[in-house]
Amino acid sequence: MRRITLLLTCLALGAAGQISLPQIGFVRDLAGSLRPVFGVAGAFMVGEPVLAGVVSAASSGAYAVASTGSEIVVVTGNEIVWRREAPDSAVEAFGFGAGGRPEWVRFVNGTCLVWPSKGEPKMASFCKNEAPSRMQLSSRLPDRVEGEPETFAPGWLVLRSATRVYLVRTGPDETIYELPEAAQ
């Protein structure tokens with residue numbers, strides 16, 4: 001009986017070391033770094049930077065697409081899985097397809113980087129899908145929120161001020177959460 005108890009205790013301790021927080025998406029922090037966000041609503045933890053010098057980004061939860069101004073970069077987990085020199089134009093919008101995979105990046109000059117169903121992404125004169133419509137939030141926004149909301153994960157948006165980053169759960173139970181340590 002002692003052996004069984006000892007075995008079960010060892011198995012439980014071994015499994016405990018493998019438990020990790022769920023990663024729910026990526027956010028561009030106030031210093032311009034792309035960071036994973038872990039946890040659940042109201043109990044978030046911001047991970048270590050995956051990419052620095054980010055000027056715009058969007059996340060589908062599973063993937064993030066970011067622009068550094070000179071490059072377009074795709075990240076999943078804590079790994080950069082694709083990068084390419086950016087055209088000479090700022091990013092206007094990002095789009096994701098089935099399973100959260102990157103589908104297109106639209107640039108201010110009207111061109112798009114489009115991911116085909118197979119193969120490498122290519123520049124095109126149009127995007128497969130239009131940008132998602134702007135979501136109207138019903139909650140009172142925190143003071144000094146700047147710019148447009150950014151895509152974070154299905155049902156979530158990112159808002160920012162000069163000193164704070166917020167996640168917004170959208171839908172009937174709309175709630176705004178301040179991210180901890182997002183600028184460090």
Side-chain angles (χ1 to χ4, degrees), residues 24-37 46-117 119-137 141-168 170 176 178-179 182-184:
I24 58 174
F26 295 87
V27 67
R28 179 176 54 95
D29 70 15
L30 296 173
S33 293
L34 187 69
R35 296 167 154 243
V37 177
V46 180
E48 293 297 316
V50 178
L51 180 67
V54 175
V55 295
S56 61
S59 171
S60 67
Y63 291 88
V65 181
S67 170
T68 64
S70 62
E71 285 186 307
I72 302 298
V73 180
V74 176
V75 175
T76 187
N78 282 331
E79 186 178 340
I80 294 172
V81 294
W82 184 87
R83 65 187 337 148
R84 175 181 178 165
E85 186 177 332
D88 195 19
S89 182
V91 171
E92 182 177 52
F94 299 93
F96 295 91
R101 290 188 160 290
E103 194 166 73
W104 52 263
V105 176
R106 182 185 355 271
F107 299 93
V108 173
N109 68 6
T111 62
C112 288
L113 180 62
V114 178
W115 275 259
S117 57
E120 286 291 308
K122 296 182 177 20
M123 292 304 294
S125 58
F126 64 94
C127 287
K128 292 198 263 187
N129 292 319
E130 291 301 315
S133 60
R134 300 200 192 279
M135 183 168 292
Q136 293 290 338
L137 299 175
L141 297 180
D143 289 339
R144 297 185 176 90
V145 166
E146 304 167 347
E148 293 293 324
E150 300 169 10
T151 306
F152 176 69
W156 291 88
L157 296 172
V158 176
L159 298 174
R160 64 183 67 252
S161 73
T163 58
R164 292 184 169 62
V165 176
Y166 303 91
L167 291 183
V168 181
T170 60
I176 299 174
E178 184 178 337
L179 280 180
Q184 297 180 6

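Starting from 1, each residue takes its place in the sequence as its number.
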Chemist: What is the minimum heavy-atom distance between Phe96 and Ala58, and which atoms define it?
Modeler: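 Heavy atoms of Phe96 and Ala58 come nearest at CZ-O, 3.6 Å.
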Chemist: Could you report the tightest heavy-atom contact between Ala57 and Leu34, atom names first, then the distance?
Modeler: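 So the minimum-distance heavy-atom pair works out to CB-CD1, 4.0 Å.
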Chemist: At what distance, to the nearest 0.5 angstrom, does CG of Leu157 lie from OG1 of Thr151?
Modeler: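 OG1 of Thr151 is found 6.5 Å from CG of Leu157.
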Chemist: Could you measure the distance from the OG atom of Ser60 to the CZ atom of Phe26? Nearest 0.5 Å is fine.
Modeler: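 Spacing of OG (Ser60) from CZ (Phe26) equals 8.5 Å.
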Chemist: With heavy-atom distances below 4.5 Å as the criterion, would you say the side chains of Trp82 and Pro121 are in contact?
Modeler: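 Contact flag for Trp82/Pro121 side chains = yes.
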Chemist: Between CZ of Arg101 and OG1 of Thr76, what distance do you get to the nearest 0.5 Å?
Modeler: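 One finds 8.5 Å between CZ of Arg101 and OG1 of Thr76.
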Chemist: Can Val65 and Val105 be said to form a side chain to side chain contact (heavy atoms under 4.5 Å, CB included), step by step?
Modeler: CA-CA 8 Å; Val65 181; Val105 176; 3.8 Å; yes
Chemist: Measure the spacing between CG of Leu179 and CZ of Arg164 and express it to the nearest 0.5 Å.
Modeler: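 CZ of Arg164 is found 12.0 Å from CG of Leu179.
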Chemist: Could you pull out the closest heavy-atom pair between Ser161 and Arg144, with the gap in Å?
Modeler: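 Here Ser161 and Arg144 meet closest at CB-O, 3.1 Å.
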Chemist: Do Pro142 and Ile176 touch side chain to side chain, with heavy atoms closer than 4.5 Å?
Modeler: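 They are in contact (side-chain heavy atoms under 4.5 Å apart), so the answer is yes.
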Chemist: When rounded to the nearest 0.5 angstrom, what distance separates OG in Ser59 from CZ in Arg28?
Modeler: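 Separation between the atoms: 13.0 Å.
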Chemist: For Thr170 and Gly155, indicate whether the former's side chain and the latter's backbone hold a donor-acceptor pair under 3.5 Å.
Modeler: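 Such a contact is found between Thr170 side chain and Gly155 backbone.
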Chemist: Could you measure the distance from the CD atom of Glu71 to the CZ atom of Arg84? Nearest 0.5 Å is fine.
Modeler: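 Interatomic distance, Glu71 CD to Arg84 CZ, rounded to 0.5 Å: 11.5 Å.
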Chemist: Quick check: are there more than 12 heavy atoms from other residues, nucleotides or ligands sitting under 6.0 Å from CD of Glu48?
Modeler: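 It does not: Glu48 CD has 12 such atoms or fewer within range.
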Chemist: Establish, for the pair Arg106 and Trp104, whether the NZ or CZ atom is under 6.0 angstrom from the six-membered ring centre and no further than 45 degrees off its axis.
Modeler: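 Yes, Arg106 lies over the aromatic ring of Trp104.
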Chemist: Could you report the tightest heavy-atom contact between Gly99 and Ala62, atom names first, then the distance?
Modeler: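 Here Gly99 and Ala62 meet closest at O-CB, 4.4 Å.
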Chemist: If you compare all heavy atoms of Phe107 against all heavy atoms of Leu113, which two are closest, and at what distance to 0.1 Å?
Modeler: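 Result for this residue pair: CE1-N, 3.9 Å.
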Chemist: Any non-hydrogen side-chain atom of Val81 less than 4.5 Å from a side-chain atom of Val75?
Modeler: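 They are not in side-chain contact.
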Chemist: Do Pro87 and Met123 come close enough that some side-chain heavy atom pair is under 4.5 Å?
Modeler: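 The answer is yes, as the side chains (C-beta and beyond) meet within the 4.5 Å cut-off.
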Chemist: Considering all heavy atoms of both residues, which atom of Leu159 and which atom of Val168 are nearest to each other, and what is their separation?
Modeler: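 Leu159 and Val168 have their closest heavy atoms at CD1-CG2, 3.4 Å.
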